[in-house]
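Letters A, B, ... mirror the listed sequences (proteins, then strands); counts begin at 1. The shown structure was predicted, so the numbers you read here are calculated from the model rather than taken from an experiment.
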There are 2 protein chains.
Amino acid sequence: MDTSEHTRHQDRPGDGPVTENAPPRPRDAQGTRARILHAAGAVFAERGYEAATVREIAGRAEVNQALIFRYFGSKQALLTEVMAQGGKEQLINTPAERLFETALRGVLTKGGKPGTDRLLAVYLRSIGSADAAPETVRALGEEYAAALAALSSADDSTLRAQLAMAWLLGIGLMRVVVGQEPLASAEPDEICGHVLTALEGLLSEDGRE
Amino acid sequence: MDTSEHTRHQDRPGDGPVTENAPPRPRDAQGTRARILHAAGAVFAERGYEAATVREIAGRAEVNQALIFRYFGSKQALLTEVMAQGGKEQLINTPAERLFETALRGVLTKGGKPGTDRLLAVYLRSIGSADAAPETVRALGEEYAAALAALSSADDSTLRAQLAMAWLLGIGLMRVVVGQEPLASAEPDEICGHVLTALEGLLSEDGRE
DNA sequence: CCCTTATGTAAGCATGCGCTTACAATGCTA
DNA sequence: TAGCATTGTAAGCGCATGCTTACATAAGGG
């Protein structure tokens with residue numbers, strides 16, 4: 001399946017005189033690790049966990065395939081590492097009452113910070129297949145929900161917070177993975193307005209079910 | 001990976017005297033097709049498209065693997081067929097103003113009709129990998145959204161309807177795939193109450209942004 | 001300078017996958 | 001009963017995958 005452009009650009013080991021165009025890159029373990037992580041994030045986001053291949057990640061990072069296993073051990077562990085990077089920063093640096101809007105805008109903004117929506121894409125595209133993905137999503141989601149839950153004094157505040165998180169994920173799914181129009185191209189402000197208005201009662205009100 | 005119980009029960013072609021325990025099942029193309037479809041639905045829902053194997057589907061349906069390709073042509077086509085079955089019935093048989101609640105309850109009810117939440121699981125678990133899945137989800141979602149959009153006279157009524165659909169999908173994702181607590185075990189009535197209350201303005205109000 | 005360690009490389013192993021093929025059994029029709 | 005299309009079966013082909021191994025090359029301390 002999809003036997004098209006796979007052997008696009010490996011590395012060039014003995015491709016010619018390595019004089020000016022590509023100096024034989026100094027050995028740099030950290031740099032290599034970082035390039036692998038970056039490439040892995042991109043490929044996982046585009047293809048999903050199962051469809052992404054170690055060979056493509058290695059190719060895009062311009063790195064020998066074996067190094068991926070030397071540095072990360074397995075494809076699964078690589079996915080976990082990708083998901084772990086930059087997961088909780090937002091959670092820590094944002095006050096609770098602005099947390100939901102910040103996260104929502106992170107989902108809605110496409111080209112903002114390159115890591116944000118891509119990480120979400122990795123989550124969403126890998127949920128169905130990898131064993132590690134649901135675990136990671138659940139763990140992260142629980143922390144978000146716990147922070148959100150503190151805003152409401154209702155006795156089921158955690159449930160309310162998780163419902164909000166579910167909406168966030170669903171919107172991301174529709175935009176990033178499914179690409180449903182007009183949702184996918186709608187203005188962040190417009191969506192934000194609708195969602196925040198609708199959720200106002202859910203998150204801030206006291207428990208008056 | 002996971003080399004555990006795979007060769008569980010093939011068929012027994014010459015396993016011994018076929019006398020009473022397993023009569024050599026009369027030839028029945030329709031029945032075989034149906035058994036394959038049923039098994040495929042289960043396996044796709046549990047494993048996701050990529051991780052599901054034709055061999056496991058055949059094994060669970062107690063059917064020779066080659067028959068799957070005779071009847072459906074390819075694994076992709078089988079997935080499409082699984083998704084196509086029972087997709088739009090609800091859409092046709094439900095009046096628009098009760099459509100969302102009905103669909104939501106379909107998502108929330110676990111053991112109700114065995115096909116409902118399983119179909120959603122197939123959708124969600126296969127979205128990331130299969131090419132056909134996002135297409136199908138988008139098409140179905142657009143029909144739902146169009147029906148819902150008729151309820152609101154706002155100029156962005158389609159967007160509002162899709163936001164509602166996104167919430168529905170997100171809740172399903174959290175419950176069926178991720179299994180986040182307490183959402184996963186919460187009472188349908190409670191979730192329904194929260195969601196419908198929050199969406200009241202979004203879906204019925206006139207456009208007063 | 002050599003020797004050890006860290007880094008990078010080439011080649012391939014073992015396996016499970018989707019799918020095909022060649023063939024046997026069954027039932028229908030003439 | 002003979003002929004034929006339909007249904008079921010056994011075996012395996014070709015291939016891409018995750019991962020491993022055996023080996024080159026660079027850096028750095030003695």
Integer-rounded Å distance: C/dC17 P and B/Tyr49 OH: 13 Å

d(CZ, B/Phe69; C1', D/dG8) in whole Å: 16 Å

Rounded interatomic separation in angstrom, taking CG from A/Asp28 and P from C/dG8: 7 Å

Of all pairs that satisfy ring pair (Phe, Tyr, Trp, His ring centres under 6.0 Å), the ones with a partner from residues 50-82 of chain A, not counting sequence neighbours: none

Side chain to side chain contact (heavy atoms under 4.5 Å, CB included) partners for A/Ala40, two or more places apart: A/Phe44, A/Ile57, A/Leu78, A/Val82

Passing candidate, side-chain contact (heavy atoms from CB on, under 4.5 Å) with A/Thr32, options A/Val63, A/Asn64, A/Ile68, A/Leu37: A/Val63

5′-ward residue of the pair A/Ala29/A/Gln65 relative to DNA chain C: A/Ala29

Taking every non-hydrogen atom, the tightest pair across A/Met174 and A/Leu183: CB-CD1, 3.6 Å

Residues which pass salt bridge (charged side-chain N to carboxylate O under 4.0 Å, His left out) with B/Glu46, listed by chain and number, not counting sequence neighbours: B/Arg60

Any A/Thr32 side-chain nitrogen or oxygen under 4.0 Å from OP1 or OP2 of C/dG8: yes

Spacing between B/Leu79 atom CG and C/dG18 atom P, to the nearest angstrom: 12 Å

Results of side chain to side chain contact (heavy atoms under 4.5 Å, CB included) for B/Val176 - residues two or more places apart only: B/Leu120, B/Ala121

Protein-nucleotides 22-26 of chain D N/O pairs under 3.5 Å:
residue: D/dT25; atom: O2; partner: A/Arg27; partner atom: NH1; Å: 3.2
residue: D/dT25; atom: O2; partner: A/Arg27; partner atom: NH2; Å: 2.5

Atom-to-atom span, CD1 of A/Ile36 to P of D/dG18 - whole angstrom: 14 Å

Proximal nucleotide (of D/dG18, D/dA10, D/dG8) relative to the B/Leu67 side chain: D/dG8

Between the first and last five pairs of the helix from C/dT7-D/dA24 to C/dA30-D/dT1, the angle of the axes, rounded to 10 degrees: 10°

All pairs passing side chain to side chain donor-acceptor pair (under 3.5 Å) where residues 163-188 of chain A contributes a residue, at least two apart: A/Glu181-A/Ser185

Value in whole Å for how far the P atom of D/dG8 lies from CD of B/Glu62: 13 Å

C/dT7 OP1/OP2 closer than 4.0 Å to side-chain N/O of A/Tyr71: no

Sugar-phosphate, base or nothing in reach of A/Ala52, heavy atoms under 4.0 Å: sugar-phosphate

Sugar-phosphate only, base, or nothing, as touched by B/Phe72 at under 4.0 Å among non-hydrogen atoms: nothing

Distance in angstrom units between B/Ile68 CD1 and D/dT7 C1', rounded: 15 Å

If you look only at distance, which donor and acceptor atoms sit under 3.5 Å apart when one is on a side chain in residues 94-103 of chain A and the other is two or more places apart or in another chain?
residue: A/Thr94; atom: OG1; partner: A/Gln90; partner atom: O; Å: 2.7
residue: A/Glu101; atom: OE2; partner: A/Arg105; partner atom: NE; Å: 3.2
residue: A/Thr102; atom: OG1; partner: A/Arg98; partner atom: O; Å: 2.6

Protein-nucleotide distance (B/Arg55, atom CZ; C/dG18, atom C1'), rounded to Å: 7 Å

Residue list, salt bridge (charged side-chain N to carboxylate O under 4.0 Å, His left out) with B/Glu142, at least two apart or on another chain: none

